[in-house]
Amino acid sequence: MTSPAGSWTQRRAKWRRYRVGRTLTYVGIFLYLPVMVALTLAFNAVGWGDDALMWIAGVWMSACVVNGLWFTTFRCPECGKRFFPMGANWIAPSNDWGSKCRHCGARAPA
Ligand SMILES: [Zn+2]
């Protein structure tokens, strides 16, 4: 089967971007609350105000939005079509959390 996405080297680079985006999505969602709680406690301990915390929360959420928007438009390295279903939740790709391509079923190589 020939691939429209190019050589294995090119496809491997795309899979690497896929893993980065998936990792950032998980980290961004599941570490948000623990990190915020920890920072709140730490900032209170050293007597800093909530302003810095608001900035950190804002930057964090913006990063999640940017990553989420980019990641849901990720194209399959094997078939070149969209990896995730259309209409998916924009911040968390809903295709079983994106373990395989909806078009060709390709999975990220180990
Ligand atoms: Zn595919």
Side-chain angles (χ1 to χ4, degrees):
M1 187 178 107
T2 57
S3 168
S7 70
W8 168 236
T9 306
Q10 289 171 307
R11 299 205 311 281
R12 195 170 52 186
K14 290 175 182 171
W15 281 121
R16 199 178 306 129
R17 284 202 288 274
Y18 163 82
R19 281 197 291 269
V20 169
R22 186 182 56 180
T23 301
L24 286 176
T25 303
Y26 279 113
V27 167
I29 291 172
F30 292 115
L31 282 188
Y32 178 77
L33 275 178
V35 167
M36 280 300 142
V37 169
L39 286 178
T40 303
L41 294 174
F43 279 28
N44 284 339
V46 297
W48 291 355
D50 289 337
D51 287 359
L53 210 54
M54 292 302 293
W55 276 102
I56 293 170
V59 169
W60 187 303
M61 282 186 274
S62 302
C64 285
V65 168
V66 170
N67 179 62
L69 287 174
W70 168 78
F71 194 44
T72 45
T73 59
F74 180 79
R75 290 190 174 274
C76 175
E78 304 299 330
C79 69
K81 292 174 183 163
R82 279 181 61 130
F83 199 79
F84 302 108
M86 297 292 288
N89 182 349
W90 52 266
I91 200 163
S94 66
N95 182 23
D96 287 328
W97 282 71
S99 61
K100 65 180 184 179
C101 174
R102 70 182 282 239
H103 288 103
C104 68
R107 287 174 179 275

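Remember, it's 1-based here, ligands and their atoms both numbered in the order they're listed. Numbering starts at 1 and runs along the sequence shown. What you are looking at is a predicted structure, and each value in this text was computed from that prediction instead of being measured.
With a cut-off of 2.8 Å, the protein N/O/S atoms near the Zn ion (ligand 1) add up to 4.
Listed by chain and residue number, Ser99 satisfy the side-chain hydrogen bond (donor to acceptor under 3.5 Å, both in side chains) test with Arg107 (two or more places apart in sequence, or in another chain). Every side-chain contact (heavy atoms from CB on, under 4.5 Å) that Val27 has, sequence neighbours left out, goes to Thr23, Leu31.
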Can I get a per-line list of side-chain donor-acceptor pairs under 3.5 Å for residues 52-60, giving both atom names and the distance, sequence neighbours left out?
from	atom 1	to	atom 2	distance (Å)
Trp60	NE1	Gly28	O	3.0

_The test is side-chain contact (heavy atoms from CB on, under 4.5 Å); show your working for Phe83 and Glu78 and say whether it passes._
CA-CA 10 Å; Phe83 199 79; Glu78 304 299 330; over 6 Å; no
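Heavy-atom minimum distance, Tyr18 versus Phe74: CB-CZ, 3.3 Å. Nearest heavy-atom pair, Arg82 versus His103, reported as atom, atom and distance to 0.1 Å: O-ND1, 3.1 Å.
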